[in-house]
Amino acid sequence: MTPAQPAHHERDTPPGPDVEVLVVGAGITGIYQLYRALEAGLSAQLVEAGGGVGGTWYWNRYPGARFDSESYTYGYLFSEELFDEWEWTEHFAGQPEIERYLNHVVDRFDLRRHMRFGAAVTAALYDEASGSWTVTVADGDDIRARFVVAATGVLSVPYFPDVPGREDFEGESYHTGLWPTEPVDFAGKRVAVIGTGSSGVQLVPVIVPEVASLTVYQRTANWCTPLNNAPITPEEQARLRAEFEAIRDTLNTSAAGFLHEPYDRASTDDPEQERQAYFEKMWNSPGFAKLISHYTDLMVDPAANAEWCEFLAAKVRSMVADTGTAERLIPRDHRFAEKRPPFVQGYYEAFNDPKVTLVDLKETPILRVRPEGIETADGTEEFDVIVWATGFDFGTGALLRMGIRGRDGLALAEHWADGPRTFLGIQATGFPNLFLPGGPHAAAGNNPRYNGDQVDFVTEVIAYARDHGYDTIEAGADAEERWTSMVDRNASKSNFGEISYYFGTNIPGKPRKYLLNSGGRPKLFTEIAKVRDGGFRAFRMARTGDLTETSA
Ligand code: N01
């Protein structure tokens, strides 16, 4: 603005947007979106509810939190210099190192000055006349933005089950997804952990040495397999650097965004003895190799899956000394990968420590939380600390809590009353100029890879609109319908039950709709290419008459 121009409040016309792109969330996706927007020459700001950078990796700082995708496959690939200069210490880095990395990226690319922390979004209202959004943050400030990119993540709203008396507990209470920035002192304390998903099973073995006692409350046993983590040797570091181009190509094109090679044999191709040998190889393989490099029929043939599960059950029995505990730790009600499988370090072995007890909630459900502890059908056990490792309102949780209202005041909560409706997982019809990379209908493997694909495309679409003089971008209703029904249709073809939080089943009253991208990353690539080839006509782009006058 030149000095001769009046200040915004003195104008007759409404002021123009404060910023072209407002990113919500300083997680891995939001940081990347901020970088891309600035690189494209757009003015951009980022608001973040937390006190620092990291998103999931800021909030989930519980002991034991770590990657289960290889560190160098999870980090950014947009800069070879960044890839070269950052040395991950482990194949699967722990939360402190991840948080340091994300802060390094923010400072390395001078992004922090565009970021505002402690700024949770409480409302986002679309203004038809100006084709822009007014976003209210927790301190009451309003930011007007042409485009809003909600990079708020799928696992960002912790879920506390409605257990009677939960608020009455007089000891310390924590949720793994809302972990305090000050370390929690477990020394000599009687600790309860409720929940045995990926978070609970990471935490348990790490705190055992400190606690006086640890009681693990398990409702559903999980198929946990070893993470098989290791330090990255200097030779491996050198190889990673030397092979950057090839690594990036594979990660940018592979179906799930991993380096693991898909296997070309079905379990029925091998005789029993060779199958067992291959199962052993999988057991000793790192992280998600156990899904991606497994027999091709693992996820489609129930018999193949059942045989692998028998192999896993035998492993549990061999690791856990107490027979009753071992049997309780073996899942009976779902197949491998029907729920998101956790990868562990020393989880099963932790139950051999006399300080650790397993309570099977299918046998003795929690009746209530009391001021002094937890009451089950077996009586009350007293605790100093309760850790709720009870998961998240997955997929739609954050977006539906942001007070988003689009065209004609349409609430996103209303538009999604029966589950999310999106085009490519990045836009919803009726919400022009709002983008949702990394939200529902997005996930298809290693998060940063397909979230990054979405961010790249969002940036491309915004730049296209800008370069062609358009102010508004909105997914067409037919495009939204096509993508949404593709997601629902493919999800319903699975021979797995709808028991995972992927279907919203962990939250009472939530619509049972698939929340990931059931078409996978290849489908996202195909559709993006089609949109590009079709001259972006899947989006409605328009000029807003008075915008040119009022834009900053
Ligand atoms: O949450 P979850 P999470 N009474 O929903 C139990 C990612 N992640 O935070 O299965 C008793 O998986 C519930 O029991 P049930 C990863 O994508 C990644 O552990 O519903 N228990 C379950 O055991 C993961 O999938 C890493 O019967 C109750 C647990 O709480 C996702 O985050 C690390 C209950 C919740 O498990 C979520 O994982 C950590 C109740 N009323 C997380 N309600 C990496 O390694 C729920 N539960 C990268």
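All values below were derived from every heavy atom in this structure, side-chain atoms included, with hydrogens, water molecules and symmetry-related copies excluded. Numbering of ligands and ligand atoms starts at 1, following listing order.
- What sits closest to atom 23 (O) of ligand 1 on the protein, heavy atoms only, is Thr196 N, 2.9 Å.
- The aromatic rings of Phe336 and Trp308 sit perpendicular to each other, their planes meeting at more than 60°, with 30° as the lower class boundary.
- Of the listed residues (Lys362, Lys339, Arg340, His175), the one carrying the non-hydrogen atom nearest atom 18 (C) of ligand 1 is Arg340.
- The only member of Asn447, Thr56, Asn451 that meets side chain to side chain donor-acceptor pair (under 3.5 Å) when paired with Thr29 is Asn451.
- Within the 4.0 Å heavy-atom cutoff, Tyr74 does not count among the residues contacting ligand 1.
- The pair Lys355-Glu210 does not count as a salt bridge, with every side-chain nitrogen at least 4.0 angstrom from each carboxylate oxygen.
- Heavy atoms of Gln218 come nearer than 4.0 angstrom to ligand 1 in no pair at all.
- For the ligand labelled ligand 1, residue Tyr217 lies outside the 4.0 Å heavy-atom shell.
- His175 and Phe392 have perpendicular rings, their planes meeting at more than 60° on a 0 to 90° scale where under 30° would count as parallel.
- Which parts of ligand 1 touch Leu155 is read off a 4.0 Å heavy-atom cut-off, strictly below it: atoms 7 (C), 17 (O), 31 (C), 32 (O).
- Residues Glu381 and Tyr217 meet the side-chain proximity criterion, which asks for heavy atoms closer than 4.5 Å.
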Any chance you could lay out the side-chain hydrogen bond (donor to acceptor under 3.5 Å, both in side chains) test for Asn446 and Ser69, step after step, and finish with the verdict? CA-CA 7 Å; Asn446 186 14; Ser69 302; 3.0 Å; yes
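- The nearest protein atom to atom 36 (O) of ligand 1, hydrogens excluded, is given as Gly197 CA, 3.5 Å; this is a heavy-atom distance.
- The pair Lys513-Asp418 fails the salt-bridge criterion, with no side-chain N (NZ, NE, NH1 or NH2) lying under 4.0 Å from an Asp/Glu carboxylate O.
- Shown in contact with Ile194 at under 4.0 Å from a heavy atom are these atoms of ligand 1, numbered in order with element: 11 (C), 21 (N).
- Using a 4.0 Å cut-off between charged side-chain N and carboxylate O, Glu327 and Arg317 make a salt bridge.
- Protein heavy atom at the shortest distance from atom 41 (N) of ligand 1 is Pro161 CB, 3.1 Å.
- Taking every heavy atom of Thr220 and a limit of under 4.0 angstrom, the matching atoms of ligand 1 come to 10 (O), 15 (P), 27 (O).
- For the residues Ser199, Pro331, Ser500, the heavy atom positioned nearest atom 38 (O) of ligand 1 is part of Ser199.
- Residue contact check: Gly195 has heavy atoms under 4.0 Å from atoms 6 (C), 23 (O), 29 (C), 30 (O) of ligand 1.
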